[in-house]
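Contents: one structure, followed by commentary.
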There are 2 protein chains.
Amino acid sequence: MRISEASRLSGVSTRLIRYYESIQLLGRPARTATGYRDYDQRDVHELRFIKRARSLGFSLKQTKELLDLWRDTRRANHKVLALAERHQRTIIARMQAHEAIIEVLGRLIQACQSNDRPECPILDGLADSRSRE
Amino acid sequence: MRISEASRLSGVSTRLIRYYESIQLLGRPARTATGYRDYDQRDVHELRFIKRARSLGFSLKQTKELLDLWRDTRRANHKVLALAERHQRTIIARMQAHEAIIEVLGRLIQACQSNDRPECPILDGLADSRSRE
DNA sequence: GCTTGACCTTCCAACTGTTGGAAGGCGCAT
DNA sequence: ATGCGCCTTCCAACAGTTGGAAGGTCAAGC
C-alpha cells in the first residue's frame, strides 16, 4: 500500500511516517518501480504501536527501545517493565509539578479577583521572589 | 554590573540572558567602553520576574505579555487575570492528560508484574489499539 | 612586558517532535 | 495535453535551552 493508505490506517501523518523513517525508527520500506514507498500490514502495526507509545508520553528514543524489544520476538520483559516504570515516575513528577503550578496560579488568581486597587497581585506575585517557586 | 553578576543574582544563565535579549524579551542593556553588557538592579528584577513566570509554565510569549503589563505601571489587571486563568486551564488540562497516562501505565505495569509467561503485557498493550488511548 | 586564566563578545549548531512549503515526477481522468 | 492528486526530495520553522568555536579584554603574577 502507499504511504497515504498507511497513514490513514495508522493515524500517523505521511510527513511523520517519512520522518520516523529518516531517524530510523521505522525501517526503509519496499519501493515501487517508480520509487513510491510500499507498506504492508506489519508496517501499519508498527506505526500504531509508535502512535500509542507516543500518546503515553514516551519519547521517540524510548519508543524506539520499546519497538526494538517488541520486534525481538517479545523477549526481555524486565527491560520493558523497567522502562515503563521509569517513565511512569517521570510523568508522575511532571504531574506533581503541574499540580504545584495550578495551586500557585490559583492563589494569585484569587487574590487578583478579590482586589479593587490598581496594583495587580499576579504581577506582584511574579515579581516577588518570596512567593514559593 | 556584568552579565555573570546579573546571572548570579537572577538565577538565569548568561546564555539565556543573551537569548532573551535577542528575542526582545529584555531590552538592550547599556554597554561598557569595551562592549561588555552592563546591567542594573532593574534588569535583575525583570530577569527574576521572567524566571518565575517560566517556572509557572508560561511560554516566552506569555511571559513577554506579562512583563509588558508589569512595565506598564501596573495597569490593565483584567488582562493579567485573563491570561493567568487561561494558562491555568491549559495546565489543568495537561495535568489531567498526565493523570490518564499514569493510570494506563499503572495498569500495564501491574499486568506485567503479575505475569510469568514470555509475552509482555506492556508491549501487547501498546500494540493493541483496543486499549484506551 | 608577557603569560595565564577568567571573563566577555559574536555566530552557528544541536536537541525534541511535528508541520509547512517549494519544486518536480507519476498516473489516471477528462 | 491539461488538470488533479498523489508521490518524491530538501530546507525551514516552531519552542527553549544549551553547547562549542574563535576571538577580544582585563586583572594578577612573574
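Letters go in sequence order (proteins before strands), and every chain restarts at 1. Computed from a predicted model, the values in this text were never measured in an experiment.
Atoms CZ (Arg28(B)) and P (dT9(C)) sit 15 Å apart, rounded to a whole Å. Atom CZ of Arg18(B) is separated from atom C1' of dT10(C) by 9 Å (rounded to the nearest Å). dC26(D) atom P lies 9 Å from atom CZ of Arg2(B), rounded to whole Å. Atoms CG (Asp38(B)) and C1' (dT25(D)) sit 15 Å apart, rounded to a whole Å. Ile17(B) has its CD1 atom 17 Å from the P atom of dG16(D), to the nearest Å. The distance between atom CG of Leu25(A) and atom P of dT16(C), rounded to the nearest whole Å, is 13 Å. In this structure, CD of Gln62(B) is placed 14 Å from C1' of dG16(D), rounded to the nearest angstrom.
Residue Met1(A) forms a side-chain contact (heavy atoms from CB on, under 4.5 Å) with just one option from Asp43(A), Leu9(A), Asp40(A), and that option is Leu9(A).
The minimum heavy-atom distance between Leu26(A) and Arg71(A), with the atom names listed, is CA-NH2, 4.2 Å.
Summary of the strand contacts: Thr14(A) and Thr32(B) both lie near DNA chain D, and taking for each the nucleotide with the nearest heavy atom, the more 5' one is attributed to Thr14(A).
Applying the 6.0 Å contact sphere to CZ of Arg28(A) captures no more than 12 heavy atoms from other residues, nucleotides or ligands.
By the 4.5 Å heavy-atom criterion applied to side chains, Arg52(A) and Val104(B) are counted as neighbours. The closest side-chain heavy-atom distance from Leu60(A) to Tyr19(A) is below 4.5 Å. In this structure the side chain of Trp70(B) never reaches within 4.5 angstrom of the side chain of Leu66(B), judged on heavy atoms.
A salt bridge does not link Arg89(A) with Glu85(A): none of the charged nitrogens is closer than 4.0 Å to a carboxylate oxygen.
dT16(C) and dT9(D) are spaced 23 Å apart, taking the C1' atom of each and rounding to whole Å.
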Counting primed atoms, P, OP1 and OP2 as sugar-phosphate and everything else as base, the B/S/- map of nucleotides 17-26 of chain C against protein heavy atoms under 4.0 Å is BBSBB---BB

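An OP1 or OP2 oxygen of dT10(C) is reached within less than 4.0 angstrom by a side-chain nitrogen or oxygen of Arg31(B). Residue Arg37(A) has a polar side-chain atom (N or O) positioned under 4.0 Å from OP1 or OP2 of dT8(D).
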